[in-house]
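Shown next, in structure tokens, is the structure this report addresses.
Quick caveat: nothing in here was measured; it's all calculated off a predicted structure.
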Amino acid sequence: MIFETDRLILRPWTMDDAESLYKYAKDPLVGPIAGWPVHTSVDNSKEIIQKVLSADETYAVCLKEDNIAIGSVGLIPPAQHTAFL
């Protein structure tokens with residue numbers, strides 16, 4: 001599924017997103033605050049896309065102008081969300 005607004009696209013992650021993911025995930029000020037370790041390489045980012053970000057209802061947040069991933073969002077149904085509380 002793909003969601004679009006005037007400025008953003010939310011779409012499934014692909015292996016082509018590994019370089020853009022690595023650009024921000026290698027920053028030690030980004031990952032740890034979000035609860036994940038700093039990425040060590042583009043290959044590490046590919047592994048994360050394959051094992052984590054390919055989960056159902058997990059989307060790459062992209063600027064519509066270039067479709068480059070600048071973030072991630074996961075949509076969790078309310079019934080599953082309360083299981084984490």
Side-chain angles (χ1 to χ4, degrees):
M1 186 174 294
I2 297 174
F3 301 95
E4 291 188 37
T5 70
D6 290 340
R7 297 184 310 157
L8 297 175
I9 298 172
L10 291 129
R11 59 164 175 75
W13 284 90
T14 70
M15 287 299 156
D16 292 337
D17 296 317
E19 285 192 40
S20 61
L21 174 59
Y22 179 64
K23 282 183 184 178
Y24 67 84
K26 69 181 179 180
D27 186 332
L29 298 176
V30 173
I33 291 173
W36 38 268
V38 174
H39 291 204
T40 57
S41 66
V42 172
D43 285 337
N44 181 214
S45 291
K46 286 180 181 178
E47 182 180 358
I48 298 300
I49 290 170
Q50 183 181 29
K51 293 182 178 179
V52 178
L53 299 177
S54 64
D56 289 342
E57 303 302 326
T58 302
Y59 300 93
V61 178
C62 307
L63 292 175
K64 203 169 200 177
E65 64 192 42
D66 58 16
N67 200 28
I68 293 175
I70 59 168
S72 182
V73 63
L75 305 177
I76 301 171
Q80 289 180 359
H81 181 61
T82 57
F84 295 111
L85 297 177

Query raised in the report: Can you name the nearest heavy-atom pair linking Ala18 to Ser45, along with the distance?
Result: O-CB, 3.6 Å
Query raised in the report: What residues, two or more places apart in sequence or in another chain, satisfy salt bridge (charged side-chain N to carboxylate O under 4.0 Å, His left out) together with Lys26?
Result: none
Query raised in the report: Under a single-linkage rule joining Ile, Leu, Val, Met, Phe, Trp and Tyr whose side-chain heavy atoms are separated by less than 4.5 Å, which residues share a cluster with Val42?
Result: Tyr22
Query - Partner residues of Glu4 under the salt bridge (charged side-chain N to carboxylate O under 4.0 Å, His left out) criterion, sequence neighbours left out - result: Lys64
Report task. Just jot down the side chain to side chain contact (heavy atoms under 4.5 Å, CB included) partners of Leu63, sequence neighbours excluded, or say none. Result -> Leu8, Glu65, Asp66, Ile70
Requested in this report: For the residue pair Phe3 and Val73, establish whether any side-chain heavy-atom pair is separated by less than 4.5 Å.
Outcome: no
Report summary line: Sorted by chain and residue number, the side chain to side chain donor-acceptor pair (under 3.5 Å) partners of Asn67 (sequence neighbours excluded) come out as Arg11
Query raised in the report: Can you name the residues that form a side chain to side chain donor-acceptor pair (under 3.5 Å) with Ser54, not counting sequence neighbours?
Result: none
Query - Partner set under salt bridge (charged side-chain N to carboxylate O under 4.0 Å, His left out) for Glu57, not counting sequence neighbours - result: none
Query raised in the report: Which pairs, with at least one residue in residues 35-49 and sequence neighbours excluded, count as a salt bridge (Lys or Arg N to Asp or Glu O under 4.0 Å)?
Result: Glu47-Lys51
Report task. Report the residues that fulfil side chain to side chain contact (heavy atoms under 4.5 Å, CB included) with Pro12, sequence neighbours left out, ordered by chain and then residue number. Result -> Ile2, Tyr59
Query raised in the report: Which other residues end up in the same hydrophobic cluster as Ile49, if Ile, Leu, Val, Met, Phe, Trp and Tyr are linked when side-chain heavy atoms come under 4.5 Å apart?
Result: Trp13, Met15, Leu21, Tyr24, Val30, Trp36, Ile48, Val52, Leu53
